[in-house]
Amino acid sequence: MSVEKSAFGTAEKITIRGSGMLDVSLLTYGATVQAIQYRGVDVALGYNTLADYQTMDGYLGATVGRYANRIAGGKFKLNGKTYDVGCNEPGRGHLHGGTIGLSRRMWRAEVLSGTALRMSAILPDGEDGYPGNLQVSVLFEVEGDVFRITYEALCDQDTIFNPTNHCYFNLNGQDGAPITNHLLTINASAYTPVDQKLIPTGELRPVQGTPFDFTVEKPIGRDIDAADPQLRLGLGYDHNFVLRGEGLRQAAVAVSPVTGIRMECFTDRPGVQFYSGNCLDNPRGKSGAMGARQGFCLETQTFPDAPNHPSFPSAELKQGASFRSVTEYRFSK
Ligand code: BGC
């Protein structure tokens with residue numbers, strides 16, 4: 001099948017196609033997932049113009065990093081030296097790699113086949129405060145009904161690296177009902193509670209008997225407004241779940257009762273940020289305004305603020321070592 005290319009402002013939009021049921025459109029700006037059409041339903045939130053991606057909040061569909069999610073106070077220590085990556089989230093800390101990061105730059109696109117596209121970028125030493133010249137590539141592939149993202153990186157200094165994709169899904173359709181009706185399973189027995197600044201406290205708290213228990217499928221909306229201090233802090237779910245097992249394994253499953261579309265998230269990462277889109281508030285998306293809980297994210301990752309928590313899985317990337325990580329979104333109906 002052939003790839004479709006079109007201009008998207010000064011960026012490019014490229015669509016790769018799988019079985020005929022699944023098409024994924026990507027932008028060279030931010031290596032962004034702009035649309036995921038499954039059986040004719042667009043299940044990914046996004047914008048129609050490059051200017052909207054450049055000016056509106058939310059990291060819709062973007063590749064984020066170098067360090068996805070938060071770093072307390074914008075500071076961490078590596079090999080005895082303190083690095084300051086800045087606090088780009090007012091009042092909280094460092095978020096999603098800083099002011100440029102992976103999401104606010106143009107990437108080089110290389111079409112490998114009708115089903116595969118590689119985007120690459122080189123981030124200079126010191127950009128956003130991070131050590132090392134970092135070569136990053138993200139391979140986007142559609143194989144049958146599976147959308148696979150493979151991250152690869154190499155750095156010329158010891159550094160930290162924790163990329164993710166920030167796609168907001170709505171399996172009712174991107175312009176459909178809020179995602180609170182979705183049935184969700186997360187294969188996690190614990191999560192990492194946060195402080196007022198949404199930074200993990202370091203505790204791994206069992207989900208059992210709490211609103212965070214998604215070990216058995218339940219509607220996202222069932223407990224989302226419960227009187228739970230952690231839910232209050234996030235205005236809903238905005239927490240890292242500690243995934244069971246290792247290697248590429250099923251992290252989560254979401255199903256829309258409206259369309260019957262089911263999406264399984266597979267990853268080799270230790271955690272997943274389940275964000276229920278609590279702060280979405282954009283005057284326009286692809287079809288009209290977007291409000292809270294119009295989409296949810298499953299951001300596969302190393303735990304937030306891991307560089308300041310020696311007990312968390314490490315996000316260090318050694319000089320000359322190859323980073324490789326895979327996340328898959330598998331669709332069915
Ligand atoms: C964070 C949220 C944040 C959102 C958009 C998510 O990954 O966990 O707290 O509001 O990204 O920036």
Side-chain angles (χ1 to χ4, degrees), residues 30-33 44-47 52-74 85-104 128 149 151 162-170 178-179 184 186 188 191-201 212 220 224 229-243 251-252 254 265 267 269-283 285 290-306 309 312 315 327 329:
T32 296
V33 176
L45 272 58
Y47 302 113
D52 285 350
Y53 279 98
Q54 288 169 325
T55 53
M56 291 209 244
D57 291 338
Y59 298 86
L60 270 60
T63 297
V64 303
R66 304 186 187 196
Y67 203 92
N69 210 281
R70 297 185 169 84
I71 296 178
V85 288
C87 293
N88 58 313
E89 193 186 29
R92 282 196 181 145
H94 182 79
L95 178 69
H96 294 329
T99 51
I100 310 171
L102 303 179
S103 49
R104 301 209 175 91
D128 289 309
I149 306 178
Y151 303 92
N162 176 34
T164 196
N165 184 276
H166 210 293
C167 194
Y168 291 75
F169 298 97
N170 188 331
I179 50 80
L184 181 68
I186 306 179
Y191 75 106
T192 51
V194 292
D195 66 13
Q196 306 277 349
K197 296 184 173 179
L198 300 187
I199 305 285
T201 59
F212 291 83
I220 291 175
I224 200 168
Q230 283 294 317
L231 288 174
R232 295 260 160 91
L233 288 169
L235 305 175
Y237 297 101
D238 189 1
H239 296 77
N240 171 65
F241 285 70
V242 179
L243 293 172
C265 171
T267 186
R269 297 282 83 200
V272 67
Q273 185 85 10
F274 168 44
Y275 174 50
S276 49
N278 315 305
C279 298
L280 270 176
D281 176 19
N282 289 337
M290 270 179 244
R293 301 177 184 170
Q294 183 64 32
F296 69 97
C297 304
L298 290 170
E299 302 154 55
T300 57
Q301 61 184 1
T302 300
F303 304 173
D305 200 31
H309 292 277
F312 284 179
T327 289
Y329 297 101

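First listed ligand is number 1; within each ligand, the first listed atom is number 1.
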- Task: For Asp52, enumerate each residue passing the salt bridge (Lys or Arg N to Asp or Glu O under 4.0 Å) test, keeping only those at least two apart in sequence or located in another chain.
- Result: Arg284
- Item | Euclidean distance, Gln273 CD relative to Arg70 CZ, rounded to 0.5 Å | 7.5 Å
- Side chain, backbone, both or neither: which part of Asn69 has a heavy atom under 4.0 Å from ligand 1? side chain
- Message: Regarding ligand 1, does His166 bring an N or O atom to under 3.5 Å of one of the ligand's N or O atoms?
- Response: yes
- Task: Measure the distance from atom 3 (C) of ligand 1 to every protein heavy atom, then report the residue, atom name and distance (to 0.1 Å) of the closest one.
- Result: Arg70 NH2, 3.9 Å
- Task: Verify the ring-centre separation between His239 and Phe212: is it less than 6.0 angstrom?
- Result: yes
- Message: Using a 4.0 Å cut-off to any heavy atom of Leu95, which atoms of ligand 1 qualify?
- Response: 12 (O)
- Between Thr192 and Asn240, is any side-chain donor less than 3.5 angstrom from a side-chain acceptor? yes
- Message: When you measure from the heavy atoms of Glu89 to every atom of ligand 1, does any distance fall below 4.0 Å?
- Response: no
- Query: Is Tyr168 near ligand 1, meaning one of its heavy atoms is under 4.0 Å from it?
  - Reply: yes
- Message: Below the 3.5 angstrom mark, is there an N/O of Tyr59, backbone or side chain, next to an N/O of ligand 1?
- Response: no
- Over all atoms of both residues, closest heavy-atom pair of Gly61 and Asn165: O-ND2, 3.1 Å
- Heavy-atom closest pair (Val64 atom, His96 atom, distance to 0.1 Å) is CG2-ND1, 3.9 Å
- Note on the structure: Note: heavy atom closest to atom 9 (O) of ligand 1, options Asp238, Val194, Asp57, Leu280, belongs to Asp238
- Task: Could you pull out all residues at least two apart from Tyr47 that satisfy ring-ring contact (aromatic ring centres under 6.0 Å, His included)?
- Result: Tyr53
- Contact partition for Tyr237 relative to ligand 1, non-hydrogen atoms under 4.0 Å: neither
- Query: Any chance the rings of Tyr191 and Phe274 have centres within less than 6.0 Å?
  - Reply: no
- Protein contact to atom 7 (O) of ligand 1 [nearest heavy atom, distance to 0.1 Å]: Glu299 OE1, 2.6 Å
- Provide, to 0.1 Å, the distance between atom 10 (O) of ligand 1 and the closest protein heavy atom, together with that atom's residue and name. Tyr275 OH, 3.5 Å
